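Written out below as structure tokens is the structure these notes cover.
Since the structure is predicted, the reported quantities are computational estimates derived from the model, not experimental observations. Both counts, for ligands and for their atoms, begin at 1 and track the order of listing.
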Amino acid sequence: MKRGEHLYTGKAKSAYLTEDPDKIILHFRDDTSAFDGEKIEQLARKGTTNNKFNAFIMQKLEAAGVHTHFIELLTNEESVVRRLDMLPIECVIRNIAAGSICKRLGIKEGIDLDPPIFEFFLKNDSLHDPMINESHIVGFGWASEQEIEDMKILTARVNRILLKLFADANLLLVDFKIEFGRFNGQLLLGDEFTPDGCRLWDANTREKLDKDRFRRGMGGVVEAYEEVAHRLGVELD
Ligand code: TMP
Ligand code: ASP
């Protein structure tokens, strides 16, 4: 399978059509962005690391019964996926307080959230991805009531599967963001699952091993992603 016409360029990935109208190629670039595209840098090996990390996680989820867009790895930096009609919504689930919930609600970083807290955000960088509720989603036609229910159930299921997967690698899955899209009337997990879109802490030291290292200028960003991949058993080369 080869890249056809360029479809879109996101902050860290580009997409290309293929000869099959139901399949696209995702190219994971080395670009790393934060604060809705305000801070952008190229980090060597990040495209390969995230492409292979994402393939590993998507395959684990599929094996556990979560339907995803992932089809196969194509090259070090490219994967073939189903072409979805993406919902403009980000589903966030939090097991430990960190990031925007701490600022927004004055919550101390690091406290356990049990049961996990689920939030919807609108995918819109120029509006800084504002938090939205179900009434906004239905009212503005971004998704149906059924799709809202499906997104909540699927996000909770992904959380249960991955909490265990990361715990077995001595990692705390603090929070993550996932996105869904429609394919033949079914909702599938789309986009990516990589350390760019989740928070992962070492279970003993609580050292940050995710994109917060980039957001905070801590350095060792790709090295941390590689460490997580190594602990999970992801083959990077
Ligand atoms: P937040 O604390 O900034 O709301 O983010 C919660 C989690 O979701 C964190 O792991 C980062 C991820 N996330 C993204 O990857 N992209 C986004 O646009 C948002 C809002 C969150
Ligand atoms: N994912 C968003 C961005 O890349 C927000 C963030 O990660 O800070 O801009």
Side-chain angles (χ1 to χ4, degrees), residues 8-13 26 28-29 31-41 43 46-47 49-51 53-54 57-58 61 86-113 115-133 136-137 142-143 151-152 154-156 158-159 161-163 165-167 171-181 189-203 206-218 221-222 224-225 228-229:
Y8 70 79
T9 298
K11 292 190 296 266
K13 296 190 293 304
L26 287 186
F28 288 76
R29 307 193 313 273
D31 294 326
T32 311
S33 93
F35 312 119
D36 307 311
E38 217 175 87
K39 174 173 176 172
I40 300 179
E41 278 173 36
L43 300 178
K46 202 197 69 141
T49 306
N50 274 8
N51 184 39
F53 194 101
N54 177 65
I57 298 289
M58 291 281 171
L61 291 173
M86 294 302 293
L87 304 182
I89 293 169
E90 307 192 330
C91 299
V92 169
I93 196 159
R94 304 175 189 273
N95 299 303
I96 298 176
S100 74
I101 199 171
C102 296
K103 272 204 199 128
R104 198 178 340 117
L105 302 177
I107 308 294
K108 195 163 167 272
E109 182 181 89
I111 65 163
D112 283 339
L113 304 173
I117 289 179
F118 178 87
E119 296 168 337
F120 284 119
F121 293 88
L122 180 66
K123 191 174 171 70
N124 186 320
D125 279 339
S126 53
L127 298 177
H128 303 293
D129 296 341
M131 191 160 82
I132 51 175
N133 66 28
H136 296 119
I137 295 175
W142 293 321
M151 284 191 281
K152 290 199 290 191
L154 288 167
T155 305
V158 168
N159 190 41
I161 298 163
L162 297 186
L163 267 173
L165 186 86
F166 286 113
L171 293 162
L172 298 173
L173 178 58
V174 172
D175 58 30
F176 64 83
K177 179 271 296 179
I178 51 179
E179 298 176 27
F180 295 92
L189 177 61
D191 191 50
E192 67 177 68
F193 192 104
T194 68
D196 271 0
C198 68
R199 290 192 171 91
L200 293 164
W201 295 350
D202 179 273
R206 298 207 154 200
E207 184 190 2
K208 296 182 197 306
L209 297 169
D210 54 63
K211 201 165 82 174
D212 269 347
R213 299 192 73 86
F214 177 72
R215 295 188 187 97
R216 296 173 180 218
M218 295 164 74
V221 179
V222 177
Y225 291 20
V228 172

For this session: Can you figure out which of Lys177, Arg104, Glu179 has its heavy atom closest to atom 13 (N) of ligand 1?
Result: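 Nearest option to atom 13 (N) of ligand 1, by heavy atoms: Lys177.
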Please list, in number order, the atoms of ligand 1 under 4.0 Å from a heavy atom of [X].
X: Arg215; answer: 11 (C)
X: Asp196; answer: 15 (O)
X: Cys198; answer: 10 (O)
X: Gly99; answer: 2 (O)
X: Ala98; answer: 2 (O)
X: Asp129; answer: 17 (C), 18 (O)

Exercise. Between Ile93 and Ala156, which heavy-atom pair has the shortest distance, and what is it?
Worked result: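 Reported closest heavy-atom pair: CD1-CA, 4.1 Å.
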For this session: Flag Glu90 as yes when one of its N or O atoms lies below 3.5 Å from any N or O atom of ligand 1, and as no otherwise.
Result: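 Yes; at least one N/O pair falls below 3.5 Å.
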For this session: May I ask you to check if ligand 1 and Asp36 share an N or O to N or O distance below 3.5 Å?
Result: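 No: no nitrogen or oxygen of Asp36 is under 3.5 Å from one in ligand 1.
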For this session: May I ask you to identify, for Glu119, whether its side chain, its backbone, both or neither come under 4.0 Å of ligand 1 on a heavy-atom basis?
Result: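 None of Glu119 does.
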Exercise. Should the proximity of Lys211 to ligand 1, defined as any heavy atom under 4.0 Å, be assigned to the side chain, the backbone, both, or neither?
Worked result: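 For Lys211, there is no contact with ligand 1 at all, from either part.
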For this session: Report yes or no: does Lys123 have a heavy atom closer than 4.0 Å to ligand 1?
Result: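 The answer is no: ligand 1 sits nowhere under 4.0 Å from a heavy atom of Lys123.
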Atom pair [atom1] ([X]) and [atom2] ([Y]), whose distance is rounded to the nearest 0.5 Å:
X: Arg199; Y: Ile96; atom1: CZ; atom2: CD1; answer: 11.0 Å
X: Phe53; Y: Glu192; atom1: CZ; atom2: CD; answer: 10.5 Å
X: Trp201; Y: Leu171; atom1: CH2; atom2: CG; answer: 12.5 Å

Exercise. For Lys208 and Glu109, what are the C-alpha separation, side-chain angles and deciding distance, and is it a salt bridge (Lys or Arg N to Asp or Glu O under 4.0 Å)?
Worked result: CA-CA 12 Å; Lys208 296 182 197 306; Glu109 182 181 89; 3.2 Å; yes
Problem set entry | Heavy-atom check, side chain of Leu87 versus side chain of Trp142, under 4.5 Å |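 Sidechains of Trp142 and Leu87: no contact.
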Exercise. Looking at Phe214, does the NZ or CZ of Lys39 lie under 6.0 angstrom from its six-membered ring centre and within 45 degrees of the ring axis?
Worked result: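 Flagged: Lys39 positioned over aromatic ring of Phe214.
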Problem set entry | salt bridge (Lys or Arg N to Asp or Glu O under 4.0 Å) evaluation trace for Glu119 with Lys177 | CA-CA 9 Å; Glu119 296 168 337; Lys177 179 271 296 179; over 6 Å; no
